[in-house]
2 protein chains.
Amino acid sequence: MNHEKNLAQRAALFKALGHPARLLMLNLMREHSRHGEELAAILSLNPATVSHHLAKLAEAGLVTPRKEQYYQVYSLRGDLLKKTLMEMVQMPQETLSTGVEQDAFRAKVLHTFFKHGRLTQIPSQRKKVQIILETIAAEFEPGRKYEEREVNHILLDFNEDFASLRRYLIEFNLLARDKGIYWCVEK
Amino acid sequence: MNHEKNLAQRAALFKALGHPARLLMLNLMREHSRHGEELAAILSLNPATVSHHLAKLAEAGLVTPRKEQYYQVYSLRGDLLKKTLMEMVQMPQETLSTGVEQDAFRAKVLHTFFKHGRLTQIPSQRKKVQIILETIAAEFEPGRKYEEREVNHILLDFNEDFASLRRYLIEFNLLARDKGIYWCVEK
DNA sequence: TTTGTAATTAGACGAATGTCAAAACAGATT
DNA sequence: AATCTGTTTTGACATTCGTCTAATTACAAA
C-alpha cells in the first residue's frame, strides 16, 4: 500500500525541517529568494553543503528552484508551511484503526497466558487480566441465562480454578448474577 | 544570546517528528493514552527502543507521561500540534535582519576583488559588480558637484582603468552627469 | 568556441541516530 | 521484606547524516 510511502514522506518533511542550517535558510528565503552562493556566504558553509541542504528542502517540497542568469535561485513554497503540525502528523484512520493497534498487544498477552486453549496463569496487571477475561467472556452467548454449574463447566475448560475466574468476571463487569442465575453483560 | 538555543529547540522539535515510528506513536496516542509496552507490541519494537523514542517526544514537549498503576502512560499534548509549520519555522526578525544577511555576501565579494584598497578585477556577475560599485560610490559626498577630472582622480585610487569605472557607475545609476558635472545619486 | 563561474555529484570521514540485549531501576503486589 | 514487572539506562553495533575537498556538470559571457 501507499501508506508506507505516505508515512516515509511525512517523516522526510519533518526531517528536512529538523536541522538548524535548513531552518535558517528557510527564514532567509522568507524575505526573498536566494541563490546558493549567497546562502553559503551568510551561513559560512561550503557551497556543496548548501547544495545538499537545498536538495533536501526541495525534495520535501518546501522550496522550488528556478534558473536566473548565472544563478539557481531558490524560493519558499508558502502553501505547505500554512498547514498545522497536526495536519502533517495525522494519518488516515484506516491506516491504523482497523483494529490492528490493540490486536498486537492482545495477541501478545494471549500468547503469553494461554497454552493450547487453557489459561496457564492469571496475570497480575489489570489491563492484561481484562484482556484474558474478555476472551473468556466471549464463550458466553449474549442474552442467554446460565445456571451456576453451567458457568463452572465452561470456565473449567480454561482453568481448574473456576471459582476465581467466576469472581473475576463479575468484578470486571463482564458477567452479571442474580439469585444464582448468570448472564453476560452487553457491550 | 538565546537565539541559538531557540534555533536548536525548533530543530529538535522537527527532528522528533522526523521518524516513522514516532509519527505512528503520535497517531496511536491521538486516540487515547498509551503505555510503553503496548506501543512496543503494536510497532514490533524492543521496549528499550520505544522508551528512547518516547524520551525524544517528551523532550520536544509533544507528549507528557504520568504514572498509572504499573505503567508509565504517555498522552498527546495537543496544543503544540495546533501551530502551523510556519509559526514553528519563523524566527524573530532581529535574529536575522540586522543586516548581517547580506553583509556576509558583501564581505566575501569585497574580499575577493579588493586587495589593499585597490580593485584587482571587475567581476562579471551583475550582483557582484553592483556591490563593488556601491562601495566605490560611497567615496563621493552626497550633494557635492564634481568636475570630471576630480571624478577620475578618485577612481584612479581604485583602478587605473578609471574610464570604465566611471562608465559603470553611470550605467548602474550610482553617479549622474550633466554637461561635464558629476554628482552621486541619492539613495 | 573557448573560458569562466555557479551548482551539483562523488568520495571520504567523523558525528549523530536507531536498534537491540543485558543490566540496573522503580514501584506496586504479595 | 521479598518479589515481580514495566521502564529506563548502558554498551555495542550498524546505519544514516553533515561536512568538506576534489572532480564533474551545466551554462552564460566573451
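The structure displayed is predicted, hence computed values, not measured ones. Note on naming: letters A, B, ... go to the chains in the order of the sequence lines (proteins, then strands), and numbering restarts at 1 for each one.
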Exercise. Taking for each residue the nucleotide of DNA chain D bearing the nearest heavy atom, is the 5' side occupied by A:Lys67 or by A:Asn46?
Worked result: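 First, find each residue's nearest nucleotide; the 5'-ward one identifies A:Asn46.
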Look at the side-chain N and O atoms of [X] and state whether any lies under 4.0 Å from the OP1 or OP2 oxygen of [N].
X	N	answer
A:Tyr74	C:dA6	no
A:Thr49	D:dC20	yes
A:Ser51	C:dT8	yes

Atom-pair distance ([atom1] on [X]; [atom2] on [N]), nearest Å:
X	N	atom1	atom2	value
B:Leu43	C:dC20	CG	P	11 Å
A:Leu23	D:dG18	CG	P	12 Å
A:His19	D:dT16	NE2	P	18 Å
B:His35	D:dT5	NE2	C1'	12 Å
A:Leu39	C:dA7	CG	C1'	13 Å
B:Tyr70	D:dT3	OH	P	14 Å
B:Glu38	D:dT7	CD	C1'	15 Å
B:Tyr71	C:dT29	OH	P	11 Å

Side chain of [X] only, please: which of [options] is the nearest?
X	options	result
B:Leu45	C:dC20, C:dT9, D:dT19	C:dC20
A:Arg22	D:dG18, C:dT9, D:dT8	D:dG18
B:Glu37	D:dT21, D:dT8, D:dG6	D:dG6
B:Gln72	C:dA10, D:dT8, D:dT19	D:dT8
A:Ala48	D:dG6, D:dC20, C:dC20	D:dC20

Exercise. Base, sugar-phosphate, or nothing for B:His52, non-hydrogen atoms under 4.0 angstrom?
Worked result: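 Contact class for B:His52: base.
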Problem set entry | Flag, side chain of B:Arg166 to backbone of B:Leu155, donor-acceptor distance under 3.5 Å |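 No: the side chain of B:Arg166 does not pair with the backbone of B:Leu155.
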Exercise. Ignoring hydrogens and geometry, is there a side-chain-to-backbone donor-acceptor pair from B:Arg77 to B:Thr64 under 3.5 Å?
Worked result: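 It does not hold such a pair.
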Exercise. So what is the end-to-end bend of the helix from C:dT1-D:dA30 to C:dT30-D:dA1, with 5 pairs used at each end and the value given to 10 degrees?
Worked result: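 Angle reported: 30°, given to the nearest ten degrees.
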Got [X] and [Y] here, is their nearest side-chain heavy-atom distance under 4.5 Å?
X	Y	value
A:Thr49	A:Leu43	no
B:Thr84	A:Leu85	no
A:Leu24	B:Met91	yes

Problem set entry | B:Arg144 with B:Glu150: basic N within carboxylate O range, under 4.0 Å |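 Here B:Arg144 pairs with B:Glu150 in a salt bridge, since their nearest N and O are under 4.0 Å apart.
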Problem set entry | Parallel, tilted or perpendicular, as decided by the 30° and 60° cut-offs, for the rings of A:Tyr71 and A:His35 |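 Ring orientation, 0 to 90° scale: tilted.
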For this session: Measure up the B:His19 and B:His53 rings against each other and bin them: parallel (under 30°), tilted (30 to 60°), perpendicular (over 60°).
Result: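 If you compare the ring of B:His19 with that of B:His53, the planes turn out tilted.
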Problem set entry | Members of residues 53-61 of chain B that approach DNA chain C, where some heavy atom sits under 4.0 Å away |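 DNA chain C contact set from residues 53-61 of chain B: B:His53, B:Lys56.
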For this session: Any chance you could measure B:Arg10, atom CZ, to B:Met88, atom CE, to the nearest 0.5 Å?
Result: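 B:Arg10 CZ to B:Met88 CE: 6.5 Å, rounded to 0.5 Å.
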Problem set entry | Pair A:Phe140-A:Tyr146, side-chain contact (heavy atoms from CB on, under 4.5 Å): steps then yes or no | CA-CA 9 Å; A:Phe140 294 85; A:Tyr146 291 88; 3.6 Å; yes
